[in-house]
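Encoded as structure tokens, the structure appears first; notes follow it.
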Amino acid sequence: MTDHTATPDDSATARPPLPPFTRETAVQKVRLAEDAWNTRDPQRVSLAYTPDSQWRNRAEFPAGRADIVAFLTRKWNQELDYRLIKELWAFDGHRIAVRFAYECHDGAGNWKRAYGNENWEFDDNGLMRRRHASINDLPIAGKDRAFHWPLGRRPDDHPGLSDLGL
């Protein structure tokens, strides 16, 4: 996987794969997003979005990269040992739909698994301009965790959501 480095002001930097998506490029785009989110680096993650990107995440509506960085910083300060798996659901042209699950715990050690769906829309440069997320949380016991890789990128041989029955 290629690391596409950009500055926060560089809105024209291409982020391959570019739309219109094929099954292969949509799967690749989903995995690149999963890998970025598993870094838990808000600045790095924000560079995959247009400078004026619009989000709906639960009941929050971040708009633009600065809001995205603030949102993700707050999120990952509260959701500790965060591990995420995304899976392609559907794609068409400039849009991709994914389903995902992540596991994390709070400062008191209470684990949860969050399940959700996201709808993404990309510009011609492959930057996400819209992200709509619907998410539900399920408290779980630590013994019921299913995501057991070291923090960071999910290893290629770790099962995905379908393989785990999620």
Side-chain angles (χ1 to χ4, degrees), residues 1-4 8 15 17 23 26-50 53-91 95-122 127-166:
M1 310 247 167
T2 305
D3 180 26
H4 302 283
R15 300 284 291 208
R23 173 166 288 285
V27 167
Q28 184 183 16
K29 196 72 159 179
V30 171
R31 183 57 193 244
L32 288 168
E34 175 187 316
D35 291 350
W37 279 63
N38 276 325
T39 69
R40 296 168 330 281
D41 179 340
Q43 185 64 36
R44 176 179 170 191
V45 171
S46 75
L47 297 178
Y49 301 91
T50 61
S53 186
Q54 299 289 315
W55 283 23
R56 180 185 52 76
N57 195 93
R58 300 179 193 249
E60 293 190 59
F61 299 87
R65 286 186 180 154
D67 279 1
I68 290 168
V69 168
F71 171 86
L72 292 174
T73 299
R74 188 174 62 254
K75 172 185 178 64
W76 290 321
N77 282 336
Q78 297 168 356
E79 296 181 342
L80 309 175
D81 291 322
Y82 177 95
R83 290 171 179 83
L84 166 73
I85 300 176
K86 291 182 182 280
E87 183 175 278
L88 177 68
W89 186 254
F91 68 96
R95 293 180 174 171
I96 294 176
V98 299
R99 65 188 201 94
F100 66 88
Y102 67 83
E103 293 179 348
C104 63
H105 66 85
D106 62 19
N110 300 307
W111 282 92
K112 72 176 179 182
R113 183 177 304 126
Y115 297 95
N117 301 293
E118 294 175 333
N119 296 316
W120 301 342
E121 183 178 82
F122 295 87
L127 295 169
M128 195 181 303
R129 63 178 158 217
R130 288 195 185 100
R131 175 184 173 270
H132 302 283
S134 298
I135 307 166
N136 298 298
D137 294 332
L138 174 69
I140 60 172
K143 67 178 179 55
D144 295 328
R145 293 177 48 225
F147 303 172
H148 296 285
W149 66 86
L151 288 175
R153 185 179 191 277
R154 176 174 54 100
D156 291 335
D157 62 350
H158 189 283
L161 294 179
S162 292
D163 298 324
L164 292 167
L166 299 176

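These numbers come from the heavy atoms of this one structure, side chains and all, not from hydrogens, waters or symmetry mates.
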Self-check item: Cationic N near anionic O, under 4.0 Å, R40 to E79
Solution: no

Quiz item: Is the count of non-hydrogen atoms from other residues, nucleotides or ligands lying under 6.0 Å from W76 atom CH2 greater than 12?
Solution: yes

Exercise. Locate the shortest heavy-atom distance separating P150 from R83; write the atom from each residue and the value.
Key: C-NH2, 4.1 Å

Quiz item: Got a second to check how far Y115's OH is from N136's CG, nearest 0.5 Å?
Solution: 10.5 Å

Exercise. Answer yes or no: is there a donor N or O on one side and an acceptor on the other, between the side chain of R56 and the main chain of A133, under 3.5 Å?
Key: yes

Quiz item: Looking only at heavy atoms, which two atoms of G142 and W111 are closest? And how far apart?
Solution: CA-CD1, 3.8 Å

Quiz item: Would a distance-only check, ignoring hydrogens and angles, find a side-chain to backbone donor-acceptor pair under 3.5 Å from S53 to M128?
Solution: yes

Exercise. Can you measure from OG1 (T39) to OH (Y82) and round to the nearest 0.5 angstrom?
Key: 10.0 Å

Quiz item: Side chains of N57 and R131: donor-acceptor distance under 3.5 Å anywhere?
Solution: yes

Quiz item: Any ion pair linking R74 and E60 (charged N to carboxylate O, less than 4.0 Å)?
Solution: yes

Quiz item: Quick one: do E34 and K86 make a salt bridge, cutoff under 4.0 Å?
Solution: no

Quiz item: Among F122, W37, F71, W55, whose ring-ring contact (aromatic ring centres under 6.0 Å, His included) with Y49 holds?
Solution: W55

Quiz item: Mind checking whether R31 and D156 have side chains closer than 4.5 Å, heavy atoms only?
Solution: yes

Quiz prompt | Residue pair L164, I85: steps toward the side-chain contact (heavy atoms from CB on, under 4.5 Å) verdict | solution = CA-CA 11 Å; L164 292 167; I85 300 176; 4.0 Å; yes

Quiz item: Does any N or O in the side chain of N38 come within less than 3.5 Å of the main-chain N or O of L84, such that one atom is a donor and the other an acceptor?
Solution: yes

Quiz item: Minimum heavy-atom separation for A48 to R15, with atom names?
Solution: CB-NH2, 3.8 Å

Quiz item: Roughly how far, to the nearest 0.5 Å, is the CG atom of L151 from the CG atom of L80?
Solution: 10.0 Å

Practice problem: For the pair H158 and R153, evaluate side-chain contact (heavy atoms from CB on, under 4.5 Å) and give the outcome as yes or no after the intermediate values. | Solution: CA-CA 10 Å; H158 189 283; R153 185 179 191 277; over 6 Å; no

Quiz prompt | Residues F100, I135; criterion side-chain contact (heavy atoms from CB on, under 4.5 Å); working and verdict | solution = CA-CA 9 Å; F100 66 88; I135 307 166; 3.5 Å; yes

Quiz prompt | Salt-bridge contact E87-R99 (side-chain N to carboxylate O under 4.0 Å) | solution = yes

Quiz item: What pair of heavy atoms forms the shortest contact from V45 to A36, and how long is it?
Solution: CG2-O, 3.4 Å

Exercise. Could you give me the CA-CA distance, side-chain angles and deciding distance for Y102 and K112, then say whether side-chain contact (heavy atoms from CB on, under 4.5 Å) is met?
Key: CA-CA 8 Å; Y102 67 83; K112 72 176 179 182; 4.1 Å; yes

Quiz item: Does the side chain of N119 pick up a donor-acceptor pair with the side chain of H132 at under 3.5 Å?
Solution: no

Quiz item: Is a donor on one side and an acceptor on the other found under 3.5 Å between the side chain of E103 and the backbone of R145?
Solution: no

Self-check item: R130 side-chain N/O to E121 backbone N/O, donor-acceptor pair under 3.5 Å
Solution: no

Practice problem: Would you mind reporting whether R58 and D137 have side-chain heavy atoms less than 4.5 Å apart? | Solution: yes

Quiz item: Measuring from D81:CG to C104:SG, what's the distance to the nearest 0.5 Å?
Solution: 9.0 Å

Quiz item: Between R113 (side chain) and D144 (backbone), is there a donor-acceptor pair under 3.5 Å?
Solution: yes

Self-check item: Heavy-atom donor-acceptor pair, R129 side chain to L127 backbone, under 3.5 Å
Solution: no

Quiz prompt | Shortest non-hydrogen contact between L32 and P17, atoms and distance | solution = CD1-CD, 3.7 Å

Quiz item: Roughly how far apart are T73 OG1 and I68 CD1, rounded to 0.5 Å?
Solution: 11.5 Å

